[in-house]
2 protein chains.
Amino acid sequence: MTSLLKNTTTASLVFGSDYHTVEVGHILNVCADEPLVLECGKQLADIPVAFQCWGELNADKSNVILICHALTGDQYAAGRHPVTGKVGWWNDMIGPGKPLDTDRFFVICINVLGSCMGTYGPKSINPETGEPLGLEFPVITVGDMVELQARLLDQLGINEILCVTGGSMGGMQVLEWAARYPERVLSAIPIATAARHSAQNIAFHEIGRQAIMADPEWCEGKYMQQKRYPQKGLSVARMTAHITYLSEDALQRKFGRELQNKEKITFGFDADFQVESYLRYQGMTFVERFDANSYLYITRAMDYFDLGERHNGNLAEVFRGTKTRFCIITFSSDWCFPPAESKRVVRALNAVAADVSYAEVETDKGHDAFLLDEPEFKDMVSGFLGGMATYRGVAA
Amino acid sequence: MTSLLKNTTTASLVFGSDYHTVEVGHILNVCADEPLVLECGKQLADIPVAFQCWGELNADKSNVILICHALTGDQYAAGRHPVTGKVGWWNDMIGPGKPLDTDRFFVICINVLGSCMGTYGPKSINPETGEPLGLEFPVITVGDMVELQARLLDQLGINEILCVTGGSMGGMQVLEWAARYPERVLSAIPIATAARHSAQNIAFHEIGRQAIMADPEWCEGKYMQQKRYPQKGLSVARMTAHITYLSEDALQRKFGRELQNKEKITFGFDADFQVESYLRYQGMTFVERFDANSYLYITRAMDYFDLGERHNGNLAEVFRGTKTRFCIITFSSDWCFPPAESKRVVRALNAVAADVSYAEVETDKGHDAFLLDEPEFKDMVSGFLGGMATYRGVAA
């Protein structure tokens, strides 16, 4: 691992409503020799990509697990997060003896294009103006995110991926990886995801974007230049999305109609109910770690995602001839990315006789279940990866 | 009908972002002699209530159907709406030969307390200051809405209600009417509703309120004094709520991933998808007919609604001894007020041996189905009302 990281740099990035700076690493510049041509037609050259890794790359580089993060996730999947101070979003999954066993695997997670944790995004400085790019940043796609990841792996000398995995938008990247690089990806675990973004999900994203852009502090995307910040708009966007990540049952079980630190309703607009306080807290903490413009760009990339479209809606054709082994996992109460969307992928893979297993984990935790302690889910990932390691001859 | 309306007045009310005025009627002042004591403890005296009615009240006043409107509905359930110019929200249901047959029944619909179509609400003028009440308006409940309706009916000389019906928040009022006035309400048709607002629904309402209050044009509720208007915030609130009124299947069927007047995605933040244009349109038109502060107050009233709470969570006790006949209707794809919530009411009624029938209409139209052309639903209402009319001896 150390040798891979020796040429990386760090960056001092600004965060939150008070624009405090946080040191973020490891970062490598990529696409210096050959620009990345985005799906929108624009080109990017010599741009930074931030990543984290755990475990050791083995001699024949056959033990690589690539983790793709979700909309508001980042490369700090495990260990201490430099901005929030909390443990990473998949800390339960990555480590010695855990499903992504770092005694056996080399695990890498890359901050996606358009995000705000060190990889090139709207917060990056335009060298010509010395100002943040904001809306000068090009509109990107999930395919663009995957291409940039591929460039980073090229630069690190990693060709083969034993397994690519991730949930939600991470799962979209997993499917995109498998579609673009079937010979490079030995196996894939797309979790709680879909091969296309649904009308309902586009609708919820549109609300989030409207909330951000309606906030006068957004300043047409130039808030950083003016040291302002669309806290309220971004907070409403996060609150809206957050509801879709939970099941109705989970909300009812966790909060029901319980009141927040009071015995009676107050007949006012303060947060009387626990569920209101919880949502407000989710919104408030989110704005301190995420960038509003990144939220616009990444939600748009998800909306544009439709893997079958490139074959006139025939999703099976995307995977024809693939040798990648798939393990597709969904959660029964996930209404944001319902099991039906994953079953559509399973049917497409079956239609071209691909190697696919499918599991729907029974849980009331909704979409967020992939981030939570779900023993059955962990066992599945662990079992599948163990099988892949044995198949590929990765030492235990 | 004419005799009932002879003492009513009209009011010239302001609407929309341009504060144009629209004549609204019929309005009667109520609670002049005996103030209405609200659940929050405050009192209201001599306040206006706006209503509409159709058909003729018969000699023994036994043919009254009271319609309760939903969150953003109003008394213009049928006929031409004075603000939008469109037909009323239940125009398909009310009229000669329609389920609420105006050749047989006298149908009345009352604008709820806190709303903005002529009944006392935050847009009403405080006589002491000459300014709109705004947040001086007291926080109200569904119970308060029902009490005000009862006062109006008293003043009109109407005691007995053959049937009280309504969907969504209208259904909450129906249940509240049946709970408060079992001897006055012969039958009740609560549609697509619940006896308590769920955590998820509170959460969605909270987002709407936060979006409104985050808009600087809201001016802490005093936007009218400054001739400003929180259009963007109210629009986001409406868009969020609107998604919950549709089923995922309906959104997918109506819009899917279809693009709006273009062949390719534009790689930008304009409305590429039809579902985005549709939602923006919903938001835009809504702000021209509704008041932002009313939205805060009425959503709050819904959040506070929990009929069983007054009997320590024992909903059955609310209805013990009732002679009211219930016909409870739900829609299979309604995830805003799912059938399970209505079944909870059915179980409570069964526990006290009340007369209740229950039907779940199969449809993919979601919560909004009660406003749409659903033949099975119409037949049910029609059949139930016919039976009640015969039972009560209302001439055909």
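In what follows, chains carry the letters A, B, and so on, assigned in the order in which the sequence lines appear, proteins first and then strands, with residues in each chain numbered from 1.
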Heavy-atom pairs under 4.5 Å with chain A, option from B/Asp303, B/Val236, B/Ile243 with the top count: B/Ile243

Quick one: does B/Tyr304's side chain have a donor or acceptor within less than 3.5 Å of a partner on A/Phe267's backbone? yes

Taking A/Thr299, A/Asp215, A/Ile202 one by one, which has the highest count of heavy-atom pairs under 4.5 Å against chain B? A/Ile202

Check whether A/His242 gets within reach of chain B through its side chain, its backbone, both or neither, counting any heavy atom under 4.5 Å. neither

What residue, out of A/Leu251, A/Ile207, A/Asn201, has the most heavy-atom pairs lying under 4.5 Å from chain B? A/Ile207

Can any side-chain N or O of B/Glu276 pair as donor or acceptor with the backbone N or O of A/Glu206 at less than 3.5 Å? no

Below 4.5 Å, heavy-atom pairs only: which of B/Ala250, B/Ala214, B/Cys40 has the largest tally toward chain A? B/Cys40

Given heavy-atom pairs under 4.5 angstrom as the criterion, report whether the side chain, backbone, both or neither of B/Pro338 touches chain A. side chain

What part of B/Val275 is in contact with chain A, defined as an atom under 4.5 angstrom from a non-hydrogen atom: side chain, backbone, both or neither? side chain

Please give me the minimum heavy-atom distance between A/Ala203 and B/Leu279, naming the atom from each residue. CB-CD1, 3.5 Å

Inspect the contact between B/Arg257 and A/Glu309 and indicate whether a charged nitrogen and a carboxylate oxygen are less than 4.0 angstrom apart. no

Verify side-chain contact (heavy atoms from CB on, under 4.5 Å) between B/Ser198 and A/Gln252, making sure each step is shown before the conclusion. CA-CA 7 Å; B/Ser198 71; A/Gln252 201 64 36; 3.7 Å; yes

Within a 6.0 Å radius of atom CD on B/Glu220, are there more than 12 heavy atoms belonging to other residues, nucleotides or ligands? no

Portion of A/Phe305 that has a non-hydrogen atom of chain B nearer than 4.5 angstrom: backbone

Partner chain B: residue of A/Phe273, A/Tyr278, A/Phe255 with the largest heavy-atom pair count (under 4.5 Å): A/Phe273

Using 30° and 60° as the class boundaries, would you call the ring planes of A/Phe204 and B/Phe204 parallel, tilted or perpendicular? parallel

Residues, nucleotides or ligands: over 12 heavy atoms within 6.0 Å of A/Lys365 NZ: yes

Part of B/Ser235 lying under 4.5 Å from any heavy atom of chain A: neither

Could you report the tightest heavy-atom contact between A/Ala199 and B/Gly256, atom names first, then the distance? CB-O, 3.4 Å

Under the 3.5 angstrom rule, does the side chain of A/Arg300 hit a backbone N or O of B/Gly268 as a donor-acceptor pair? yes

Taking all non-hydrogen atoms of both residues into account, name the closest pair between B/Leu135 and A/Phe269 and its distance. CD2-CE1, 4.2 Å

In Å and rounded to the nearest 0.5 Å, what is the CD to CD1 distance from B/Glu39 to A/Ile265? 7.0 Å

Chain B shares the most heavy-atom pairs under 4.5 Å, among A/Met239, A/Lys264, A/Gln231, with A/Met239

If you look at every heavy atom in A/Gln200 and B/Trp335, which pair is closest and at what distance? NE2-CZ2, 3.7 Å

